[in-house]
Structure formats: C-alpha cells, structure tokens
Amino acid sequence: MNEYAEYKNILIQKTIKNLEKNFFDVIFLKDKLEVLSYLKELIPSDAVIGYGGSRSLEEVGFFEHFAKENYPNLLDRRAEGLTQDQKRALQISALSSDFFLCSVNALSMDGDLVFIDKWGNRNAAMTFGPKNRIVVVGKNKIEKTLPEAISRAQNVAAVLNNIRFNTKNPCSVQGACVNCSSAERLCCVTTIISRCAPSKSIKVVIVDENFGF
Ligand code: SF4
C-alpha cells in the first residue's frame, strides 16, 4: 500500500467508527461490483423500492438490475413517458417504501451525511418514512469536517449536477457555487443527518473506490 492509500484508509476507518458511534449501520465494500451483490442479497424481489436521482447508483449498475422485470414494486420514476404528475406521485409513494436508495453529496469524518436537493424529495425520504434507507458512497465524498462536507456538497457536487443538467446557472461557468438567485437554482434544500434514528435504520455503504459526485 502506498502512503496516499494508507492515509485514505485511515480517514475511511475513522469515518466508519464515527458513523457507527452516530448509530448508522456501516458496510464497507471493496468495489462497485460488491455493492450490487450486496443490494441483490439484501432487497427481496417483492419489496417496494424507491430511489433518489444518483450518479453513484447509476455507476454501480443499480438501474440495470433493479428494473421492473425483476422488482415489480419498483417505484420507477425514470420510466419513459411519465408525466410530471406521475413522477411526483412516485416520489410521494417512495416516502413509504420498504427500501429507499440514494447517495449523499458529502460525508464528514465526524459521521454526518450531507444532502442538497432542488425539490427535497431525497431529503424527505432520508429523514422520515421508508423502513430501510441506504446510501451508496464512494470514498471520494469523505471530507474531514462538517463545514468541509457542506462545502463539497455546494462547490463540487452541486456544480457537477448543474453541468450534468446543462443549466445556465453561474456555477456551470465559474466552477464554484456563488449562492445564486437563479430561478433554475438546483440547490434549495440542505439536510444534514448527524445521528441515525431509529438506530441502524440507515445503511451507509462506503466503497473503497472513487465514483459518483
Ligand atoms: S446555489 Fe446556484 S450557483 Fe450555487 S451551486 Fe446551486 S445553482 Fe450553482
């Protein structure tokens, strides 16, 4: 192991310890393939499954395997041809799903999860409702402190999301958040989960790879 990898490993282990101290259920996996195997084993085929928009879930292959053919009760808001009202109805149903999956925008070494959304559907599901909540997180999203994690969520994750959705917001050009007042602003709701209640109801799946944003 080189020095940088060893340093990163120390940060990961400390993050895991603090998340556990904060009552999260933590699973540490080697790579994205292990994540998909873990999810397949954990989630029964008849479960009601909701999800938040997530590049990390895309990258682990979640949407390929967790499709309607295999999971008939999947609340699939990515399905083609849905109206805005139908999408909204699925997002509301996701608040009482058996399993809700997404990623975080950042994770602090002190054991906090940080989410920034436009509509807040992911924030709502992660704070109350679904029986099991699962976040899949690449090690690149770990920051040392909560302020640094919030800064990552604002200045890295939110900016990349703006680039992804090809918005005209200033961060897409400047490469950092300027706390804009744009009508198209993607960052309207910030949620920090610093303790998990009920205990262990949120599984934090940390992966020893860099992916998602
Ligand atoms: S608040 Fe505005 S400038 Fe900042 S990241 Fe969000 S959309 Fe971009």
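Count residues from 1 along the sequence. Note that ligands are numbered from 1 as they come in the structure, with each ligand's atoms numbered from 1 the same way.
The heavy-atom pair separating M109 from T15 by the smallest distance is CG-OG1, 3.2 Å.
Using a 4.0 Å cut-off between a side-chain N of Lys or Arg and a carboxylate O of Asp or Glu, E34 and K40 do not qualify as a salt bridge. With salt bridges taken as basic N to acidic carboxylate O contacts below 4.0 Å, none links D76 and K68.
Under the 6.0 Å distance and 45° angle rule, R133 does not count as a cation-pi partner of F99.
Within 6.0 Å of atom CZ in R88, 12 or fewer heavy atoms from other residues, nucleotides or ligands are found, so the atom counts as exposed in its surroundings.
Taking CD1 of I192 as the start and OG1 of T127 as the end, the distance is 12.5 Å to the nearest 0.5 Å.
Protein contacts to atom 8 (Fe) of ligand 1 involving N, O or S atoms at a distance below 2.8 Å are C171 SG.
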